[in-house]
2 protein chains.
Amino acid sequence: MPYTAPAEINTEQYSQSFITHFENRKNIAGYSKVRNILRYHPDQIIAFENDPITHLYEIMTGTVKTYKMLNDGRRQITGFYTKGDVVGLPVDGRYFYTIEAITEASICCHSKIQMKRLMDSDPDFTLKIIKSAHDRLRDAHEQMISLGRKTPDERIAAFLLKCQKWATIQIPAQNFIISLPMSRMDIADYTGLRQETVCRIFSKFKRSGLITLLRSDQLILNDHRQLLKLANLSEDNSETIPRYH
Amino acid sequence: MPYTAPAEINTEQYSQSFITHFENRKNIAGYSKVRNILRYHPDQIIAFENDPITHLYEIMTGTVKTYKMLNDGRRQITGFYTKGDVVGLPVDGRYFYTIEAITEASICCHSKIQMKRLMDSDPDFTLKIIKSAHDRLRDAHEQMISLGRKTPDERIAAFLLKCQKWATIQIPAQNFIISLPMSRMDIADYTGLRQETVCRIFSKFKRSGLITLLRSDQLILNDHRQLLKLANLSEDNSETIPRYH
DNA sequence: CGCCTGCTTGATGACAATCAAGTTTAGTGG
DNA sequence: CCACTAAACTTGATTGTCATCAAGCAGGCG
């Protein structure tokens, strides 16, 4: 896959950034220097595994994935990220994952150096950075029990509920139609299954009325309660579940 | 399992703490107030999943594990920790894992409040906190590709190399004998296998000469090169591999 | 010594991976 | 607008592998 440099776009059209998002105010020392929004195309790579860490990335729009690969091509997707998610930490070291855009995505790239400087002057900001690390770590642990101990059905159920969560973030309120921006292969590489198995479970859930498949990338969750029960989620997702009508 | 409060022990006999460990100096404002070393017995629980976060824990001696459980008893061990490892972050929220001692362990408990206060006054200290979060996150991602995409043989190989790393930290230099403080069941719950499968792979590795089993909890790695190749580790572990004689 | 717990080995079966064949969808050009 | 192509998705048939069930073994401790 050829690497094409992402286009730098006008930052003025974006009202949000890492700092405003977390701080709910608009001006901080060094703000404009840090801010740097880039637009990425599907399948475009944002950062490579093992490259030195230079930035942390805040997703503004679109969906992004992180993954690790083995030398023989086996791949594990370690996370999907949408609006508001922050990938990376301002530390010296190398990325232990590749970051790749799934859809068109605008991403705010914060330089590590500037982040460090900002941390010195603003304790609240520092806490937000640590909070984002905590979020990533919670996700990772949830995924570990999924991969290590849950059945394929449970993993897919958990995945679907996660998708719903993202949907409610990107398109707040209403709308029960959930879009899956990622391919079946991506879902398989996230859940530790094969794409055929993912398909079969989707079909099974459809037959049992648990979900409705409008298209291969659009579905409706018909029975959240059942899905939640099946997913065996240990984290409390109740606050993000829209009410039934 | 009955919960018994850990014994508070004399802090004077310990020369190291989170701060001195990371900072290489001995006095920081609030230092003595933060410092609080407790001793835990095997199988004693240090913190429960879903309890509010009150402390972060720095392992001084012994081995500790974190795990998540499903309501039907399935368990995933998400990490093992030894001397120098830090578990937890100074954020508001709840532990998303249970922390339990495997061996006798002395643990420095740093109160979240004090940690936050310390972060305000010392940017270097803050960076160390973030670094420890980064380390935990790297481990988690490595474990995700292990659980999701590696074969049982590869997972055990990776696990054994990790054990060696811990051994070289706890007992620096020489000594090729590696002690496994955890049970077969623990290894199974860490690698996403069953204890019978773990046993079989141990036996297979033994038959092939890859390892020597002195006792069920003591072994020697006879062929690091082969083991590394088999483990398919994406992180660079070369610096922690002792030389052959 | 005998019991108990943890570890090891064996036999069998369930289930997801694999291999293979369709089917749908999206994109392209006449 | 439709024909054609390629890629993504879905379904089917078979196999291999790890979980399961079961039995034996070894070490630790009263």
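Letters go in sequence order (proteins before strands), and every chain restarts at 1. Only this structure's heavy atoms are used, side chains among them; waters, hydrogens and symmetry mates stay out.
- Under the 3.5 Å distance criterion, with hydrogens and angles disregarded, a donor-acceptor pair is assigned to the side chains of B/T212 and B/N222.
- Of the candidates C/dC19, D/dC21, C/dT8, the closest approach to any side-chain atom of B/S203 belongs to C/dT8.
- One can place CZ of B/F202 at 17 Å from P of C/dG6, the figure rounded to the nearest angstrom.
- What you find for B/Y67 and B/E49 is that their closest heavy atoms are O-OE1, 4.2 Å.
- Side-chain contact check for A/Y40 and A/E104: no donor-acceptor pair (N or O, by modelled atom type) lies under 3.5 Å.
- A straight line from CE of A/M182 to C1' of D/dC9 spans 16 Å, rounded to a whole angstrom.
- Rounded to whole angstrom, the span from the CZ atom of A/R194 across to the C1' atom of D/dA8 amounts to 16 Å.
- Residue-level contact check: B/R215 touches neither bases nor backbone, having no heavy atom under 4.0 Å from any strand.
- A side-chain contact (heavy atoms from CB on, under 4.5 Å) with A/I99 holds for exactly one of A/I45, A/T66, A/D51; it is A/T66.
- For B/S216, whose side chain is taken as the heavy atoms from C-beta onward, the closest listed nucleotide among D/dT10, C/dA17, C/dT8 is C/dT8.
- Residues in residues 180-195 of chain B take part in these side chain to side chain donor-acceptor pair (under 3.5 Å) pairs, two or more places apart or across chains: A/R149-B/D189, B/K65-B/D186, B/R75-B/D186, B/R75-B/D189, B/Q143-B/Y190.
- Contact of B/R200 with D/dT20 (side chain to base): a donor-acceptor pair of N or O atoms is detected under 3.5 Å.
- Side-chain N/O atoms of A/T197 include one lying less than 4.0 angstrom from OP1 or OP2 on C/dA17.
- The separation between A/L214 atom CG and C/dT25 atom C1' is 15 Å, rounded to whole Å.
- Consecutive pairing runs in DNA chain D reach the stem threshold at C:1-30 with D:1-30, where a stem means at least three Watson-Crick or G-U wobble pairs with distances under 3.5 Å.
- With contacts defined as side-chain heavy-atom distances shorter than 4.5 Å, the pair B/L233/B/L161 qualifies.
- A tilted orientation is assigned to the rings of B/Y97 and A/H141, their planes being inclined by 30° to 60°.
- Atom CG in B/L180 sits about 15 Å away from atom C1' in C/dT8, given to the nearest Å.
- Between the CD atom of B/E196 and the P atom of C/dC7 there is a distance of 12 Å, given to the nearest Å.
- Rounded to an integer number of Å, the gap from B/Q218 CD to D/dA26 P is 18 Å.
- The listed nucleotides are C/dC7, C/dT9, D/dT10; the one nearest the side chain of B/S183 is C/dC7.
- In this structure, B/K204 places its NZ atom 16 Å from C1' of C/dG10, rounding to the nearest Å.
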